[in-house]
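Worksheet: one structure, shown below.
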Amino acid sequence: MEQLVWKTGGWFALATLAFLAMLGAADFGFAVHMAIVCAAALAVAVLTMRRADYEGIARGWLKMPADQGVYDDDPIRWGVIATVFWGLAGLLAGLYIALQLAFPALNLGLEYTSFGRLRPLHTSAVIFAFGGNALIATSFYVVQRTCRARLAFPALARFVFWGYQLFIVLAATGYLLGITEGREYAEPEWYVDLWLTIVWVAYLLVFGGTVLRRREPHIYVANWFYLSFILTIAMLHIVNNLSMPVSWLGSKSYSAFAGVQDALTQWWYGHNAVGFFLTAGFLAMMYYFVPKQAERPVYSYRLSIIHFWSLIFLYIWAGPHHLHYTALPDWAQTFGMVFSIMLWMPSWGGMINGLMTLNGAWDRIRTDPIIRMMVMALAFYGMSTFEGPMMSVKTVNSLSHYTDWTIGHVHSGALGWNGLITFACLYYLTPRLWKRERLYSLRLVNWHFWLATVGIVLYAASMWVAGIMEGLMWREYGADGYLVYAFSEVVKATFPLYLIRAAGGLLYLTGAVIMAWNIGRTIAGSPLREEKPMNDAAYDAAADRPLIAQPA
């Protein structure tokens, strides 16, 4: 009974503090956020009381799970649903702001729907809401299976999930209200950063505690990648977001860094948010789910270890390549470029390891659309990790920097690598977590694959063309020594390419909607969709089976 009192009392106390902070808020945005925190704390307190086992408390014990030997999959199920939801929200926001660049009238003349407010909403939704939920859910799934142990702290695991959702809501509403630090991939203000720090420490305790209590002596390589992602993101988040609030009851704060030091700290964070959040974490997913779906062992476990240590050592130094031709010392720019070029080796080592895992199972690409999606994700990973180091070379960067080429590069990696590998993992997890025979429809997975692939190609290709065109037009000088093209002429020339980009985004979003429908029907336990098998062989419609070639 005492434990229940402490739990509910703590949440009511938090709700009271948030309510008082709302009343004394120095600005409207902070008041809105404190109201959200108050409502969330009250909801948790009420749920805690409603779900308490009062009969067990009366007998002097708290209700425990019936079978401690079964994996704790509830937070993972919630994570799958949250990943799908936030993925749709983030992609929809991305399509809308892409159309705003082509048709500025879509800003609607309102501050809340302007490109400046919606752009960070899009990036945070797809990276931290969609990608973050996918990483938390898959890490909880993988660490239990590879360690043969339940999650170490079940209550804390649930706090991690719901606390992370609160962080997403606070960040997203803050962007719309204009509450931002103005730092790439680190937009939330000081109090939201503090909340995320608490959630992230809890995440580390759950994951690390599960590894420590493992019944499997070996720590599988996927867990090393997950651990590096969790620890490094914590370090990056804390250092980059060091700031001093103007008021303890207001949203505004000022960074602890200034000038070129601030720029270097920002891109040390920004590049490694890509390196450890969008690369190391998703490589952990690749190292578990590709072998499981292919039903093949990892091609080379030794290569996976080399891949891990070389990647985490090299990636952390590459951030300065974002600051070529700036006030950053030239030696630091060159230093970042050199380490970026060296990243080719471990990146392609990981791609090769993933692809070669299919040795002896390449025929599965014809019959299994999930494998097909994984292979395409690895292909985009290889392409993006070739293009990134190439763009860090100063002579290439002088053309590509500040152009849409960078946008094409980022999205070929984000949509092609992160998006496709996440979709494949969701397709793998859903029937297993909800105890279904298989997905509702494999044909719909195939439709999703082709819509996403064509969408990525249209998006990336249009931005590559736009970026190179912009770079060439911006530095074109006439015989008189003046620039040939005005900036407005460059903007006008990119209009058709922005339309192609939006068309690609629409195709990608359509594929995600099909995925949501497919996963929703699978979770609901709908009867399996009657469809032809996924096979390129001739099909006998009368007999409802593929034609089998007879030997000569």
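Just so it is clear, the values below take in all heavy atoms, side chains as well, and ignore hydrogens, waters and symmetry mates.
Sorted by first and then second residue, the salt bridge (charged side-chain N to carboxylate O under 4.0 Å, His left out) pairs with a member in residues 30-40 form an empty list; sequence neighbours excluded. A ring pair (Phe, Tyr, Trp, His ring centres under 6.0 Å) check over residues 488-520, counting only residues at least two apart or in different chains, returns the pairs Phe103-Phe495, Phe423-Tyr508.
The number of heavy atoms from other shown groups lying within 6.0 Å of CH2 (Trp317) does not exceed 12. Summarising the local packing, CH2 of Trp447 is surrounded by 12 or fewer heavy atoms from other residues, nucleotides or ligands at distances under 6.0 Å. Taking a 6.0 Å sphere around CZ of Phe19, one finds it holds 12 or fewer heavy atoms contributed by other residues, nucleotides or ligands. Within 6.0 Å of atom CZ in Phe257, more than 12 heavy atoms from other residues, nucleotides or ligands are found, so the atom counts as buried in its surroundings.
The structure places CG of Leu439 at 5.0 Å from CD1 of Ile370, a figure rounded to the nearest 0.5 Å. In this structure, CG in Leu42 is found 9.0 Å from CG in Leu14, a value given to the nearest 0.5 Å. Distance check: Leu20 CG to Cys38 SG gives 9.0 Å after rounding to the nearest 0.5 Å. How far CD of Gln261 is from CD of Gln266: 14.0 Å, rounded to the nearest 0.5 Å. Rounded to the nearest 0.5 Å, atoms OG1 (Thr522) and CG (Leu429) are 12.0 Å apart. To the nearest 0.5 Å, atom CZ of residue Phe128 and atom OH of residue Tyr185 are 9.0 Å apart.
Residues Met351 and Thr385 fail the side-chain proximity criterion, which asks for heavy atoms closer than 4.5 Å. Side-chain contact between Ile168 and Asn133 is present, with at least one heavy-atom pair separated by less than 4.5 Å. A 4.5 Å side-chain heavy-atom check between Tyr381 and Ser347 finds at least one atom pair inside the cut-off.
A side-chain donor-acceptor contact under 3.5 Å links Asp27 and Ser251. Using a 3.5 Å distance cut-off with no hydrogens or angles, the side chains of Gln165 and Trp86 do pair a donor with an acceptor. His237 and Tyr269 are not linked by any side-chain donor-acceptor pair at a separation below 3.5 angstrom, with hydrogens and angles left out of the test. For the residue pair Arg372 and Asn446, a side-chain donor N or O sits within less than 3.5 Å of a side-chain acceptor on the partner. If you check the side chains of Tyr226 and Thr138, you find a donor sitting under 3.5 Å from an acceptor.
Residue Thr406 comes nearest to Ser400 through the heavy atom pair OG1-O, 3.5 Å, listed as atom of the first residue, atom of the second, then distance. Nearest heavy atoms, Gln293 versus Asp368: NE2-OD2, 2.7 Å. The two residues Leu99 and Ala502 come nearest to each other via the heavy atoms CD2-CB, 3.7 Å. Between Phe30 and Ile179, the shortest heavy-atom contact is N-CD1, 4.1 Å. The shortest non-hydrogen separation linking Ala171 to Pro188 is CB-CG, 4.0 Å. Scanning all heavy atoms of the two residues, the minimum distance from Glu189 to Ser253 falls at OE1-OG, 2.5 Å.
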Stepwise, does the side-chain hydrogen bond (donor to acceptor under 3.5 Å, both in side chains) test hold for Ser124 with Tyr175?
CA-CA 10 Å; Ser124 289; Tyr175 301 149; 2.8 Å; yes
Step-by-step side chain to side chain contact (heavy atoms under 4.5 Å, CB included) determination, Arg475 to Leu399:
CA-CA 9 Å; Arg475 62 182 188 180; Leu399 174 68; 3.8 Å; yes
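Here Phe161 and Trp78 bring their ring centres to under 6.0 angstrom of each other. For Trp195 and Trp190, the ring centers sit 6.0 Å or farther from each other. A distance below 6.0 Å separates the ring centres of Trp344 and Phe386.
No option in Phe159, Tyr164, Phe140 other than Phe140 meets the ring pair (Phe, Tyr, Trp, His ring centres under 6.0 Å) test with Tyr203. For the side chain to side chain donor-acceptor pair (under 3.5 Å) with His322, the qualifying choice from His271, Gln333, His401 is His271, the only one to do so. When each of Tyr315, Trp200, Phe276 is tested with Phe229 by the rule ring pair (Phe, Tyr, Trp, His ring centres under 6.0 Å), just one qualifies, namely Trp200.
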Report all side-chain donor-acceptor pairs from residues 458-473 shorter than 3.5 Å, counting only partners two or more places apart or in another chain.
unit_1 : atom_1 : unit_2 : atom_2 : d
Tyr459 : OH     : His411 : ND1    : 3.4
Tyr459 : OH     : His411 : NE2    : 3.2
Tyr459 : OH     : Arg501 : NH1    : 3.1
Ser462 : OG     : Leu458 : O      : 2.9
Ser462 : OG     : Tyr459 : O      : 2.8
Trp464 : NE1    : Glu387 : OE2    : 2.9
Glu470 : OE1    : Asp404 : N      : 2.8

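By the 4.0 Å N-to-carboxylate-O rule, Arg183 lies too far from Asp193 to be salt-bridged with it.
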